Amino acid sequence: MALEAAGGPPEETLSLWKREQARLKAHVVDRDTEAWQRDPAFSGLQRVGGVDVSFVKGDSVRACASLVVLSFPELEVVYEESRMVSLTAPYVSGFLAFREVPFLLELVQQLREKEPGLMPQVLLVDGNGVLHHRGFGVACHLGVLTDLPCVGVAKKLLQVDGLENNALHKEKIRLLQTRGDSFPLLGDSGTVLGMALRSHDRSTRPLYISVGHRMSLEAAVRLTCCCCRFRIPEPVRQVHLLLCSRRSWESTDGVSVGLLSPWLRAGPSWWPHGHRRCGAPGCQVQALLPGQAGPLQGKADICSREHIRKSLGLPGPPTPRSPKAQRPVACPKGDSGESSALC
DNA sequence: GCGACAG
DNA sequence: ATCTTGTCGC
């Protein structure tokens, strides 16, 4: 307790972590290893996964780790699992993996045991891959440890190796006009560490894509773009939704209802109606309505035909954001222009 | 006027 | 990450 009270982990721990990163980094494969990765239409790719860990405000220990698997190219949820965990490591920039990866590994392992047929062929990871202080971000870390192809998808530029979110960078962003536009992130070291990608026509803010494991940067960018209905790629976005709903039901059973965001409390209109939720170990699958309370529990769940998902493609006015509605768009935006009101 | 550091 | 406000940039 009170480990990270003041200055985070001791220098000793950090250097241990650095050594581990250096050791594992040797196993990173930064090129395409699968046939589908080189195919123009990604034919052969059938399942894309997303993972993330979400936190409970006011609680530095409890968190929720989730894994979802989507069909490709339909992008429908075919598997989702989440579990409450107790974090052991604090967040330290450059060492995100030591905080999150152990739990993500467990989820992958669980899937491997229970539903090997649903194992994703690639994972989109919230965070960076080789675009990292030591070239070994969480996407590489998880990739090496699972031996799954992984892509780092970050929402903010990690300013390393001379990369800076400065005026020049912002100007380059401004030049990204339509979905799919991108520019390389060239570090002072002379290496291309990743790409800034405009993932959606209606979103100005780029994603920062970098290689995690067993995939080229080009394929990573192309795949990410293929997974974007909105700014955030569906696998990652679905994981966020799962985490959010999970948190809300968690809180109805617990103590932090008052800490929930108003968006969630209000019974968000963007919530997939009646979407099934999965919970923690030892529980049952539930049908949870927006804002509805549910027993705290959960278990692996296979939601193959999530026809409910279709609602995501329907006119569900999600975020009555700001007076930025310049465009009469025919598609529902859940999070495009903004940093997502979700999580 | 703040603080730079993925999540 | 979370919460929140509001629309840049030094």
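A, B, ... follow the sequence lines: proteins, then strands. Residue 1 opens every chain. The model shown is predicted, which means the values in this text are computed figures rather than measured ones. What you see below is based on every heavy atom in this structure, not just the backbone, and it leaves out hydrogens, waters and symmetry mates.
- An OP1 or OP2 oxygen of B:dA4 is reached within less than 4.0 angstrom by no side-chain nitrogen or oxygen of A:Gln159.
- Put simply, CG on A:Leu158 is 6 Å from P on B:dA6, counting in whole angstrom units.
- Spacing between C:dT7 and B:dG7 at atom C1', rounded to whole Å, works out to 25 Å.
- For A:His169, the side-chain hydrogen bond (donor to acceptor under 3.5 Å, both in side chains) partners at least two apart in sequence or on another chain are A:Tyr208.
- A:Ser93 pairs by the side-chain hydrogen bond (donor to acceptor under 3.5 Å, both in side chains) definition with nothing, not counting sequence neighbours.
- Shown here are the ring pair (Phe, Tyr, Trp, His ring centres under 6.0 Å) partners of A:His132, two or more places apart in sequence or in another chain: there are none.
- For the C1' atoms, the distance from B:dC2 to C:dC8 is 16 Å, rounded to whole Å.
- Qualifying salt bridge (Lys or Arg N to Asp or Glu O under 4.0 Å) partners for A:Arg214, counting only residues two or more places apart in sequence or in other chains: A:Glu34, A:Asp147.
- Not counting sequence neighbours, A:Glu218 has no partner by the side-chain hydrogen bond (donor to acceptor under 3.5 Å, both in side chains) test.
- Between C:dG6 and B:dA6, the two C1' atoms lie 24 Å apart (nearest whole Å).
- At whole-Å resolution of the value, NE2 in A:His240 and P in C:dC3 are 13 Å apart.
- One can place CG of A:Asp161 at 16 Å from C1' of B:dC5, the figure rounded to the nearest angstrom.
- With A:Arg205 contributing its side chain and A:Arg231 its backbone, the two residues share no donor-acceptor pair below 3.5 Å.
- When the C1' atom is used for both C:dT5 and B:dC5, the distance is 23 Å, rounded to whole Å.
- Going from the P atom of C:dA1 to that of B:dA4 covers 16 Å, rounded to whole Å.
- In this structure, A:Gly94 reaches the bases: a heavy-atom distance under 4.0 Å links it to at least one base atom across the strands shown.
- A close approach under 4.0 Å does occur between a side-chain nitrogen or oxygen of A:Tyr91 and OP1 or OP2 of B:dA6.
- Separating the CZ atom of A:Arg99 from the C1' atom of C:dT2 is a distance of 12 Å, rounded to the nearest angstrom.
- Checked by atom type, the side-chain pair A:Ser189/A:Asp161 shows a donor-acceptor distance below 3.5 Å.
- For the residue pair A:Thr178/A:Asp201, the side-chain donor-acceptor check at 3.5 Å is not satisfied.
- In DNA chain C, no stem built from three or more successive Watson-Crick or G-U pairs (distances below 3.5 Å) is found.
- Between A:Phe98 and A:His141, the ring planes lie perpendicular to each other; the angle is over 60°, past the 30° to 60° tilted range.
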**Message:** Can you give me the dot-bracket string for DNA chain B, 5' to 3', counting Watson-Crick and G-U wobble pairs with both distances under 3.5 Å, using [ ] for crossing pairs and | for partners on another strand?
**Reply:** .......

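- In this structure, A:Lys155 reaches the C:dA1 phosphate: one of its side-chain N or O atoms is under 4.0 Å from OP1 or OP2.
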Output one line per pair: protein atom, nucleotide atom from nucleotides 8-10 of chain C, and distance, for all N/O pairs under 3.5 Å.
residue	atom	partner	partner atom	Å
C:dG9	OP2	A:Lys170	NZ	3.3

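- Screening residues 100-124 of chain A for ring pair (Phe, Tyr, Trp, His ring centres under 6.0 Å), with sequence neighbours left out, gives no hits.
- In this structure, A:Glu171 places its CD atom where more than 12 heavy-atom neighbours from other residues, nucleotides or ligands lie under 6.0 Å away.
- Contact annotation for A:Phe98: no contact, since no heavy-atom pair falls under 4.0 Å across all strands.
- In this structure, CG of A:Leu193 is placed 15 Å from P of B:dA6, rounded to the nearest angstrom.
- Remark: A:Ser54 is in phosphate contact with C:dT2, judged by side-chain N or O atoms under 4.0 Å from OP1 or OP2.
- By the side-chain contact (heavy atoms from CB on, under 4.5 Å) test, A:Leu16 is found to be paired with A:Arg19, residues two or more places apart in sequence or in another chain being considered.
- Between the side chain of A:Glu76 and the backbone N or O of A:Pro73 there is no donor-acceptor pair closer than 3.5 Å.
- Side-chain contact between A:Val153 and A:Asp126 is absent, with no heavy atoms from C-beta onward closer than 4.5 Å.
- The separation between A:Lys156 atom NZ and B:dA4 atom P is 10 Å, rounded to whole Å.
- Proximity of residues 124-146 of chain A to DNA chain B (heavy atom under 4.0 angstrom from any strand atom) is restricted to A:Asp126, A:Gly127, A:Asn128, A:His132, A:Gly137, A:Val138.
- With sequence neighbours left out, the side-chain hydrogen bond (donor to acceptor under 3.5 Å, both in side chains) criterion links A:Gln21 to A:Arg134.
- Between A:Glu100 atom CD and C:dT2 atom P there is a gap of 10 Å when expressed in whole angstrom units.
- One atom, CG of A:Asp59, and another, P of C:dT2, lie 13 Å apart when rounded to the nearest Å.
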